[in-house]
Structure formats: C-alpha cells, structure tokens
Amino acid sequence: MNAITAAARSFALVLMTVAWACFCTPMLAKAQQAAPSPEAWYKAVTVNAFAEASYSYNFNRPGSDLDALRVFDYNNGKPALDVAEIVVQRPVSKSGEFGFRFDATAGESVPRVTASYGLFRDRSTGEAHNYDLHQIFVSWIAPLGKGLRLDAGKFVTPFGYEVIEGYDGYNDNQTRSLLFGYAIPFTHTGLRASYAFSEKFSATAMAVQGWDDWHDNNGAKSAGMQLAFTPTKGFSVYVTAMGGPERTDDNRDNRYNYEAVSVFKPTDRLTLGLDVVTGNEEGFPIRGMSARWSGVAGYLRYNFTERFAMAFRAELFDDAEGARTGTPQTLKEVTLTPEFKLGKHFVVRGDLRHDWSSADVFQNRAAPVSGQTTAIVAVLFIY
C-alpha cells in the first residue's frame with residue numbers, strides 16, 4: 001500500500017509539473033517581453049502529446065479473453081485506451097546546453113508492460129499500474145570536440161527496429177513484434193553518452209541498472225553500446241550490444257544481447273527494414289548451463305499516397321530453452337497493416353496478424369492450440 005501511495009504521489013507531481021509547463025510558461029514568457037535580455041531557458045521548453053485507442057478481436061475466441069504472447073494488445077474483444085502520453089522537454093543541440101525530458105503516460109495496456117522495477121512496478125509483487133514515466137532524464141552537451149552529449153536518468157532502449165510509440169515516432173504495424181516484446185529490453189536507467197564523429201557515423205555508450213530496472217534488482221550493473229552508420233542517403237545500420245547480470249539477486253550470471261538493424265529507403269514511397277537479434281542467459285535454467293534466443297524480422301512499408309500506406313512484417317523467434325517466453329518454442333508471425341492519415345493529427349489503421357508456435361501456447365476457446373489469428377482497428381492522435 002505504501003508503494004502504491006508513493007507511486008500515486010509521484011504521478012501527481014508529474015501532472016503538476018506538466019500543468020506548470022503548459023499554462024505557466026506562456027505567462028512567464030509574456031512578463032519578460034518588456035526587458036530585452038538573453039532568451040530565457042523556458043522559452044525552449046516544448047509540450048507534445050500522443051494517444052492511442054484500439055479494439056482487438058481474436059478469431060480463436062480464447063476462454064481467457066487474452067491474446068497470448070502479445071506485448072500491448074493482449075485484451076481480446078475489449079475497446080481500450082492503450083496509452084495517453086504527454087512529453088515535456090527542453091531539447092539540446094549545442095555545446096554547453098542543458099536540457100531535460102520526461103514522458104508521462106497513462107493507459108490500460110502500455111504502462112502496465114513498460115513500467116520499470118521499482119518505479120510504478122512493485123518490487124515485491126511485480127504489479128504495475130495504469131501510469132508510468134517511461135522517460136525522465138536530464139541532458140548536457142559537453143564542449144568536447146564536436147560536442148559529447150550526456151543523458152542521466154531513465155530513457156528508452158536503443159535496441160530494436162520498433163519503438164514504444166509517442167508523438168515523435170510510431171511503428172508501421174499496430175501490433176508489436178515478438179522481437180520487441182521478448183528479445184530486447186524496453187528502458188534503462190543510468191548514464192548515456194553519445195558522440196557524432198561525422199554525419200555518417202556516431203556512437204553511444206551506456207552504464208545502466210540493467211533491463212527495465214529503476215531500482216536495481218541485484219548488486220551489479222550493465223554496460224551497452226550502439227554504433228550507427230549511414231554510408232549513403234536512405235540507408236542506415238545500427239549495431240547494439242549489452243551485457244551484465246539481470247536476474248534478481250544474481251550478480252554472477254550475465255545476460256548478453258546483440259542486435260543489428262538496417263533501414264533502406266530506395267524511394268520516398270518504399271521503406272525496407274531488417275532486424276536480427278541474438279542473446280543468451282548464463283545460469284539458466286540451472287547454474288552451469290546457458291539459455292539462448294535468436295530472431296529475425298523483415299519489414300516493408302509502401303506509401304501509395306500521402307494519406308494511405310500499407311505495411312507488412314514477417315518474423316521468426318527461437319526461444320529454445322524458454323528463457324524469454326516461459327516455454328521452449330519457435331514462434332513465427334506475419335502482419336498486414338493498412339494505414340489512413342486523417343489530417344495532420346489523426347491516424348486510423350487496421351492490423352491483421354497470424355501467429356504460429358512449435359508448442360500449443362495459444363487458446364481456441366478452452367483448448368490449447370499452436371496458432372492464433374487476430375484483427376485490430378486503432379486510432380492514433382499525435383500533437
């Protein structure tokens with residue numbers, strides 16, 4: 001109860017801060033107009049919003065009313081406000097600048113999944129709530145070379161082709177991939193340093209609590225890095241790696257994860273993507289053994305017009321020892337997503353998806369089966 005009360009107080013403080021940014025900042029700025037002076041820091045503060053609502057239908061009509069092995073769209077046959085997000089930030093771009101960002105979210109699915117251990121996720125029970133801060137960090141660009149950017153706090157992971165979603169980026173498909181949900185983390189808490197050596201090459205290094213931990217679940221830390229290449233216009237490659245102990249009260253056994261993501265845009269209308277990931281968990285299922293997982297996902301998006309696009313995804317995820325999904329299995333899925341833009345701020349899209357497994361992990365009514373098919377319709381608001 002004390003943890004929930006503390007979380008509620010923290011969330012209330014976030015909302016008060018957001019309200020200050022939204023309503024007080026313009027009045028403060030107006031008061032300063034009479035006396036010319038260097039631009040005040042708060043004039044660079046921006047406020048943006050994002051919201052998503054959806055309805056999912058599982059053709060298997062599972063008795064549990066749950067879509068198995070889905071990341072956010074796990075409630076079958078129920079309309080849901082998946083997430084409502086507000087982002088307040090002061091971006092940084094020049095040497096010597098200080099900034100900050102926090103993303104406050106509420107909703108019936110996304111916050112319950114992305115909440116970190118010790119921050120809106122109870123450290124004893126693992127229970128999360130319908131609200132979260134999936135980012136809260138401060139930034140500074142140190143005057144070293146071309147500018148070394150430092151971020152301290154909680155931030156989204158650099159892993160993955162797909163994102164949690166927000167005003168500054170949303171996925172081509174409505175449902176999230178198996179790789180997004182089971183092969184990589186969502187967020188990290190710690191220190192991140194980024195440096196752009198040129199327009200074609202940049203590097204990022206991290207020292208963090210671990211995978212999705214605000215309060216570390218053991219006495220060890222994790223380290224990670226990402227290299228980003230843009231050799232030619234329209235083609236980018238991102239190579240990411242991380243290692244460190246991740247299981248509760250285990251400082252000895254490491255988890256390693258490696259990923260390569262490439263994005264290719266041969267034309268303004270066509271985007272192709274490839275995501276390859278592999279990882280292993282030492283000491284699982286017993287000490288002296290090591291569990292491995294690997295996967296590959298391919299993406300295609302084509303913009304037929306400025307308002308209509310179609311996206312396709314196919315993937316395979318092998319979890320041989322069940323370290324990530326809880327069941328030794330190989331999973332496959334294909335997804336087709338039509339998208340319609342209704343003006344500047346609204347997007348409507350559907351999602352037709354079929355999943356297969358080498359094990360009977362899905363439900364057809366009450367019977368265990370090896371596959372499921374779902375259809376989703378969703379509305380997105382971006383501001």
Side-chain angles (χ1 to χ4, degrees), residues 50 52 69-73 82-83 110 113-114 134-135 155-188 192 194 202-204 206 211-212 224-242 256-279 293-303 309-319 324-325 331-339 347 349 351 353 355 376 378 380:
F50 176 85
E52 175 187 292
L69 295 172
R70 292 298 177 82
V71 184
F72 298 145
D73 55 305
D82 297 313
V83 67
V110 175
V113 176
T114 62
H134 72 242
Q135 291 198 112
F155 40 83
V156 296
T157 186
F159 280 99
Y161 182 90
E162 299 178 20
V163 297
I164 294 175
E165 288 194 350
Y167 88 95
D168 52 355
Y170 59 89
N171 299 305
D172 294 332
N173 299 103
Q174 174 62 26
T175 59
R176 304 311 193 281
S177 67
L178 298 164
L179 301 191
F180 174 89
Y182 295 98
I184 63 173
F186 296 120
T187 62
H188 307 288
R192 175 176 63 185
S194 306
S202 62
T204 300
M206 299 179 295
W211 288 38
D212 309 314
M225 66 175 299
Q226 182 180 77
L227 303 178
F229 307 89
T230 306
T232 60
K233 183 179 179 181
F235 180 58
S236 299
V237 177
Y238 306 88
V239 179
T240 312
M242 175 170 282
Y256 296 102
N257 221 48
Y258 310 94
E259 184 180 50
V261 171
S262 61
V263 183
F264 179 45
K265 296 191 68 172
T267 71
D268 291 338
R269 291 177 179 264
L270 177 63
T271 302
L272 302 173
L274 181 66
D275 186 354
V276 180
V277 63
T278 184
W293 58 89
S294 60
V296 58
Y299 300 82
L300 183 153
R301 176 188 172 94
Y302 191 80
N303 298 317
M310 189 74 74
F312 176 78
R313 178 184 64 215
E315 65 172 322
L316 180 149
F317 180 57
D318 181 42
D319 187 18
R324 302 304 303 157
T325 62
L331 286 157
K332 303 174 185 177
E333 66 90 5
V334 291
T335 304
L336 184 66
T337 305
E339 175 187 290
V347 174
R349 61 186 182 183
D351 201 272
R353 170 170 169 169
D355 296 83
I376 297 177
L380 284 63

Is a donor from one side chain sitting under 3.5 angstrom from an acceptor on the other, for Arg313 and Thr175?
yes
Indicate whether the side chain of Thr240 and that of Gln226 have a donor and an acceptor atom separated by less than 3.5 Å.
yes
When rounded to the nearest 0.5 angstrom, what distance separates CD1 in Ile184 from OG1 in Thr157?
6.0 Å
Atom OG1 of Thr230 and atom OH of Tyr238: how far apart are they, to the nearest 0.5 Å?
5.5 Å
Less than 6.0 Å separating the ring centroids of Phe180 and Phe186?
yes
So Arg192 and Pro158, do their side chains get closer than 4.5 Å, heavy atoms only?
no
Under 3.5 Å, is there a donor-acceptor pair between the side chain of Glu162 and the main chain of Ser177?
yes
Can you check whether Leu270's main-chain N or O pairs, donor with acceptor, with Thr267's side chain at less than 3.5 Å?
yes
Rounded at 0.5 Å granularity, tell me how far CZ in Phe72 sits from CD1 in Ile164.
6.0 Å
Angle between ring planes, Phe159 versus His188, binned at 30° and 60°: parallel, tilted or perpendicular?
tilted
Heavy atoms, side chains only, cut-off 4.5 Å: are Glu259 and Val261 in contact?
yes
Within the distance-only criterion (no hydrogens, no angle test), does the side chain of Glu315 pair as donor or acceptor with the backbone N or O of Leu178 below 3.5 angstrom?
yes
CZ of Phe317 to OG1 of Thr325, rounded to nearest 0.5 Å, is 6.5 Å
Under 3.5 Å, is there a donor on one side chain and an acceptor on the other for Thr337 and Glu339?
no
Closest non-hydrogen atoms of Leu227 and Ala203, given as atom of the first, atom of the second and distance, are CD2-CB, 3.8 Å
Is it the case that the side chain of Asp351 and the backbone of Thr335 share a donor-acceptor pair, with hydrogens and angles ignored and the cut-off at 3.5 Å?
no
Please name the pair of heavy atoms, one in Ala241 and one in Tyr258, separated by the smallest distance, quoted to 0.1 Å.
CB-CD2, 3.7 Å
Does any non-hydrogen side-chain atom of Val263 lie less than 4.5 Å from one of Tyr161?
yes
Roughly how far, to the nearest 0.5 Å, is the CZ atom of Arg176 from the CZ atom of Arg70?
11.5 Å
Determine the sole option in Asp172, Leu274, Asn173 for which the side chain to side chain contact (heavy atoms under 4.5 Å, CB included) test with Tyr299 is passed.
Asn173
Do side-chain atoms of Asp318 reach the backbone of Trp293 as a donor and acceptor pair under 3.5 angstrom?
no
Whether the side chain of Asp212 engages the backbone of Thr114 through a donor-acceptor N/O pair (distance < 3.5 Å, no angle test) should be reported.
no
Tell me if a side-chain donor or acceptor on Asp319 pairs with a main-chain N or O of Arg324 at a distance below 3.5 Å.
yes
Is any side-chain heavy atom of His134 less than 4.5 Å from a side-chain heavy atom of Val156?
yes
I need the minimum non-hydrogen distance between Val237 and Ser262, along with the two atoms involved.
CG2-CB, 4.2 Å
Can you tell whether the side chains of Arg353 and Asp355 come within less than 4.0 Å, N to carboxylate O?
yes
Check: Leu331 and Tyr182 side chains under 4.5 Å, non-hydrogen atoms:
no
To the nearest 0.5 Å, how far apart are CZ in Arg269 and CG in Asn303?
7.5 Å
If you compare all heavy atoms of Gly295 against all heavy atoms of Leu179, which two are closest, and at what distance to 0.1 Å?
CA-CD2, 3.8 Å
Quick check against the 3.5 Å criterion: does Arg349 have a side-chain atom that pairs as donor or acceptor with the backbone of Ala309?
no
